[in-house]
There are 2 protein chains.
Amino acid sequence: MQKEHSLSKNQKIIFDLIDKSGEPMKAYSILFNVQKKGIKAPLQVYRALDKLVEIGKIHKIESRNAFIACQNSSCQISKATAFSICESCENVSEISNSKLSKYLSNFSDDSGMKYSKYNLEFFGLCKKCKSK
Amino acid sequence: MQKEHSLSKNQKIIFDLIDKSGEPMKAYSILFNVQKKGIKAPLQVYRALDKLVEIGKIHKIESRNAFIACQNSSCQISKATAFSICESCENVSEISNSKLSKYLSNFSDDSGMKYSKYNLEFFGLCKKCKSK
DNA sequence: TTATAAATGTTATATTATTACATAACGTTA
DNA sequence: TAACGTTATGTAATAATATAACATTTATAA
Ligand SMILES: [Zn+2]
Ligand SMILES: [Zn+2]
Ligand SMILES: [Zn+2]
Ligand SMILES: [Zn+2]
């Protein structure tokens, strides 16, 4: 069981927005959406995003410069993330596959490097887009 | 055996620079370095980068917004890329591990999605940085 | 309480990437 | 060769993403 982080005011506003949206959101779109709540500057958004990423409540989809709420309740620290991304409709979902995460968490090669973290992004066409 | 792409003038200038550097380069650093060769505008750089990525001569390190020459001669199309990134010295190298690439290329889950491409980034400390 | 760390507010600026439009070079085939 | 479509180039302007610097406030805990 992990320590429950209590979010600060800005962190909560921004997390709630991302979580409710259910899809990746971009920083400036977040900013636009929270201006009525008094968050006026990019930096306020980025600071909250940084913290939320750090504690694993959200993840950054690197290839899209966007942020999505963690869909995997057991993933409290963002050290092992995997996503599937539809290149047509841009739907993103977090992959929760214990075989995959075990395989990658235990991966090592002959470089002498110890990997403490990974991020994997799969691309393709989702069911809907495939059948069009 | 794959078709050899003949690079255009700008593509060649930019590929040669990235290839010689041996490490990830950022777009505006590339721009700065090729201005003496007549490439003056960001768009000229980004267009060449796009093409070089498309044909697999370079890869984008998404978490760093940087571009590195393909270190794996057999990787002509960027559909299956894996990198190790040192979070201390920022050294990046392309992982060439057939088991890993087979595992990931064949990965499928119950989402009904067909994955045609992936990008994996491992993070940690390299040998040098570990021993400091 | 007092110290420390974490979070906030604000302005300005840096960095990364694309739009829009005009022109030139190249490859194919009639 | 001439015409055509495709790819690449040049140039200016601007959009989108992210951080620096500094002042202040709020939360946490010894
Ligand atoms: Zn997660
Ligand atoms: Zn789709
Ligand atoms: Zn490669
Ligand atoms: Zn290192």
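Order of the sequence lines sets the chain letters (A, B, ...), proteins ahead of strands, with each chain counted from 1.
Picking from dT11(C), dG10(D), dA8(D) the nucleotide with the shortest atom distance to the side chain of Gln44(B) gives dG10(D).
Of the candidates Glu62(B), His59(B), Lys60(B), Glu62(B) is the only one forming a side-chain contact (heavy atoms from CB on, under 4.5 Å) with Asn119(B). Screening Ser88(B), Cys89(B), Ser131(B) against Leu125(B) for a side-chain contact (heavy atoms from CB on, under 4.5 Å) leaves a single residue, Ser88(B). The side-chain contact (heavy atoms from CB on, under 4.5 Å) with Phe15(B) is formed by just one residue from the set Leu49(B), Leu7(B), Ile55(B); it is Leu7(B). The side-chain contact (heavy atoms from CB on, under 4.5 Å) with Gln44(B) is formed by just one residue from the set Ile39(B), Val34(B), Ile30(B); it is Ile39(B).
Atom P of nucleotide dT6(D) and atom CD of Glu54(B) are separated by 15 Å, given to the nearest angstrom. Rounded to an integer number of Å, the gap from Met25(B) CE to dT15(C) C1' is 15 Å. Taking atom CD1 on Ile30(B) and atom P on dA17(C), their separation rounds to 10 Å, with Å as the unit. Protein atom CG of Leu49(B) is 14 Å distant from nucleotide atom P of dA8(D), rounded to whole Å.
Ion pair Lys12(A)/Asp16(A) flagged as a salt bridge, since at least one NZ, NE, NH1 or NH2 atom sits closer than 4.0 Å to an Asp/Glu carboxylate oxygen. The pair Glu121(A)-Lys117(B) does not count as a salt bridge, with every side-chain nitrogen at least 4.0 angstrom from each carboxylate oxygen.
Taking the six-membered ring for Trp, Tyr103(B) and Tyr103(A) have ring centres closer than 6.0 Å.
Distances shown here put a side-chain N or O of Lys9(A) below 4.0 Å from the OP1 or OP2 atom of dG9(C). Applying the 4.0 Å criterion to OP1 and OP2 of dT8(C), one finds that Ser8(A) has a side-chain N or O inside that range. Contact check, Asn10(A) against dG9(C): a side-chain N or O comes under 4.0 Å of OP1 or OP2. Between Lys40(A) and dG9(C), a side-chain N or O to OP1/OP2 separation shorter than 4.0 Å is absent.
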Report, as a single string ordered 5' to 3', how protein heavy atoms within less than 4.0 Å touch nucleotides 16-30 of chain D: B base, S sugar-phosphate only, - not at all. -BBBBB---------
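No hydrogens or angles considered: a donor-acceptor pair under 3.5 Å links the side chains of Ser111(A) and Asp109(A).
By the 30° and 60° cut-offs, the orientation of the rings of Phe107(B) relative to Phe122(A) is parallel.
Each end of the helix from dT1(C)-dA30(D) to dA30(C)-dT1(D) gets its own axis, taken as the rotation carrying the C1' atoms of four end pairs onto the next four within a five-pair window, and the two axes meet at 40° to the nearest 10 degrees.
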